[in-house]
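Per chain, numbering begins at 1; letters A, B, ... match sequence-line order.
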Protein chains: 2
Amino acid sequence: MKKMNVQEAQLTPLTYPFLSSSILARSYLFIYEKNEYVIRTGTQLDFLFFVLAGKARIINTEANGKNVILQFIQAEDLIGDLYVVNAEKHTKDVVAIGQLHCLAIPLPIVKQHLINDPLFLTFISTYIGQKLLKRMEHFSLAQTFELKYRLAELLITVAVDGYYSENNTQIADYLGTSYRHLMHTFKKLREQNYIKKQGRGYMIDEAKLIQLITAGSKLS
Amino acid sequence: MKKMNVQEAQLTPLTYPFLSSSILARSYLFIYEKNEYVIRTGTQLDFLFFVLAGKARIINTEANGKNVILQFIQAEDLIGDLYVVNAEKHTKDVVAIGQLHCLAIPLPIVKQHLINDPLFLTFISTYIGQKLLKRMEHFSLAQTFELKYRLAELLITVAVDGYYSENNTQIADYLGTSYRHLMHTFKKLREQNYIKKQGRGYMIDEAKLIQLITAGSKLS
DNA sequence: CCTCTAATGTGAGATATCTCCTAGTTACAT
DNA sequence: ATGTAACTAGGAGATATCTCACATTAGAGG
C-alpha cells in the first residue's frame, strides 16, 4: 500500500463542502494493490475511506472459519460509513480487487470535526439511504432472474481490465446458488462466447454480457 | 384515520433525546384502520412517521399501472426517513395492514428543528444504516431458500391476529416467484397444517411456521 | 521440492420452479 | 342486479437448479 498526503498526491478537488483544506491536509491518499487488505476483520477502524478508483470485496469470516462475500465496492463508494454512524460495531475484511485508490480521513479527525457537522451527517445519511434503495432494487430484480443473467452482471462488476478471477466457491455462496450450477453456467457462457477461459479465470466480453443482461430484463 | 395530539394521547415517553416536549406538543398520534393509506404515491410528504404499533406495506405503482410491493413496515420502523434525508424524492403508497399507530411529526417541524440537529441526524443515519445491514442479510439468506421457507416467513411478517389476506399476484412478484408456484406452495403448507384456508385468506399456525423456518435454516 | 488441502471441473438423477393453459369464484363498477 | 375484470385454483410438460459423487489441478505450507 502506498500512502501519500493529499497535497502530495495533487488530488482533484472533491465536491464535498464538509471537507475543508484543514481536514484534507491531515488526510491521505492510499493506493492498495490487488488482494491487499484495506481493513482486517475485528481490527479497529482507523480511517473513513472515500473510494476514488478501483474495486474491492467485503468479506465476513463466519464462526466456522468460512469466508463469505457480502458485497463489492466501486468508485464513489465509502468504506467504514456504517461503522462511523454506529450501525455496525465490528469491522470486516475489505480486500482490493486490482488497484484501489482511496482518500483516507483519520477517524479522530472524523470524530472531532465531522461527526457533529450537519453537512457531513446529511451527506452520509443521504449516501446510506441511496445505497439502501439501490440494494433493495437490485435484490428485488435479481430474485426473478435466472443465474446466467446474475452471473453476467457480477462478471462486469468484478472484472478488472476485462479479466475475472474470483474464488468460485465464494461466488456461488454470494449469488445464492450451488457450486455445480455456477460451473454449469460458466460453461454455457463460454460456449456462447460471452467469456473465454484464461488460466484460472476468464476474459470477459463486456459488451456482449451487457446485451445478455438487457435481453434478460426484457423477459420480465 | 384518528388524529390526536400527543398529550391527548398520553403517549409513553419515547426514548429519543431529540424529541423535546416542544416538538411533541406539535406532533400527533395517528391511528389508521386496515387498508387505509398513510401516504399516497406522488403526494408531498407532510410528516415523518414513527411506527408505534401495527404493520403496513409500501407499494410502488409502475408506469404500466401495476402495483408492486416493495417492503413491509413493522413497529419501530420509520416512514418517510429516506425522503427526509433526500435519498428519495418521490413518495410511494403506504397502506396499513390491520390497525397502525404512528407518531407523526410535521415536516416543517422536522425541517426547522431536527434537520440540523446532530442528535437527530446521528439517529437517522444509524437507523438507515442498520436497516441496510438487515435488508442485505435478509436478501442474502433468502436467495438460498426455497419458496416454502420464504413464504412461511412472509406469512408471519404480514399476518394480523394470525390471519393472512394479501393479494397473491402482488405477493408472487414480491417473493420473486410465479403465481402458479406460490399457489402450489400454499397448497403444500395447507396439506401440512401450517395454515388453514379461511375465506379469501388463511389462518396461520405461527409456532409451526417458525419451526419450519428453523428447520430450513439448519439445512444450509 | 514434496505433500496436502482447497479449488476447479464434470456426470447423473432428483426436485423446485417456470410456462402455458383452462375453469371457477369473487369483488367492483355500472 | 348484472357484467366484467381480477383473483383463486389446478393440470401438464419443460427447464433451471440441487444433490451427491468422483477426478484433476493448483497453490500454500513445511
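With D:dA9, D:dT17, C:dC18 as the choices, the nucleotide that has an atom nearest any side-chain atom of A:Thr177 turns out to be D:dT17. For A:Glu146, the side-chain atoms get nearest to D:dT17 when compared with the rest of D:dA9, C:dC18, D:dT17. For B:Arg180, the listed nucleotide lying nearest its side chain is D:dG11; candidates were C:dG9, D:dG11, C:dT10. In the set D:dA9, C:dT17, D:dA16, D:dA16 carries the atom at the smallest distance from any side-chain atom of A:His181.
When the side-chain nitrogen and oxygen atoms of B:Tyr179 are compared with OP1 and OP2 of D:dT8, one or more of them lie within a distance under 4.0 Å.
Of the charged side-chain nitrogens involved, at least one lies within less than 4.0 Å of a carboxylate oxygen, so that A:Asp81 and A:Lys131 count as a salt-bridged pair. Of the charged side-chain nitrogens involved, none lies within less than 4.0 Å of a carboxylate oxygen, so that A:Arg57 and A:Asp93 do not count as a salt-bridged pair. For the pair A:Glu146 and A:Arg150, the salt-bridge criterion is not met [side-chain N within less than 4.0 Å of a carboxylate O]. Of the charged side-chain nitrogens involved, none lies within less than 4.0 Å of a carboxylate oxygen, so that B:Lys196 and B:Asp205 do not count as a salt-bridged pair.
Under a 3.5 Å cut-off, the side chain of A:Asp161 and the backbone N or O of A:Tyr163 do not form any donor-acceptor pair. The backbone N or O of A:Leu132 lies less than 3.5 Å from no partner atom in the side chain of B:Arg135, so there is not a single donor-acceptor pair. Judged by distance alone, the side chain of B:Thr126 and the main-chain N or O of A:Val85 form a donor-acceptor pair under 3.5 Å. Under the 3.5 Å distance criterion, the side-chain polar atoms of A:Lys55 are left unmatched by any main-chain donor or acceptor of A:Ala75.
Between A:His181 and A:His184, the ring-plane angle classifies as parallel under the 30° and 60° cut-offs.
Computed from coordinates, the A:Phe145 CZ to C:dC18 C1' distance equals 15 Å when rounded to whole Å. What separates CE of B:Met183 from C1' of D:dA9 is a distance of 8 Å, to the nearest Å. Here D:dA5 presents its P atom at 18 Å from CG of B:Asn67, a figure rounded to the nearest Å. Atom CG of A:Leu147 is separated from atom P of C:dT17 by 15 Å (rounded to the nearest Å). Atom CG in A:Leu182 sits roughly 9 Å away from atom P in C:dT8 (whole-Å rounding). Residue B:Leu151 contributes atom CG, which lies 14 Å from atom C1' of C:dT17 at whole-angstrom precision. Rounded to whole Å, atom P of D:dA16 lies 19 Å from atom CD of B:Gln143. The distance from atom NZ of A:Lys66 to atom P of C:dA6 is 13 Å, rounded to the nearest whole Å.
The environment of A:Lys2 atom NZ is sparse: at most 12 non-hydrogen atoms of other residues, nucleotides or ligands sit within 6.0 angstrom.
For the pair A:Arg150 and A:Arg200, both in contact range of DNA chain D, the more 5′-proximal nearest nucleotide belongs to A:Arg150.
The stretch residues 153-175 of chain B has no heavy atom under 4.0 Å from DNA chain C, so no residue of it qualifies as close. For DNA chain C, the neighbouring residues in residues 185-198 of chain A, judged by any heavy atom under 4.0 Å, are A:Lys197.
At a threshold of 4.0 angstrom between heavy atoms, the contacts of B:Gly176 are confined to the sugar-phosphate backbone, with no base atom among them.
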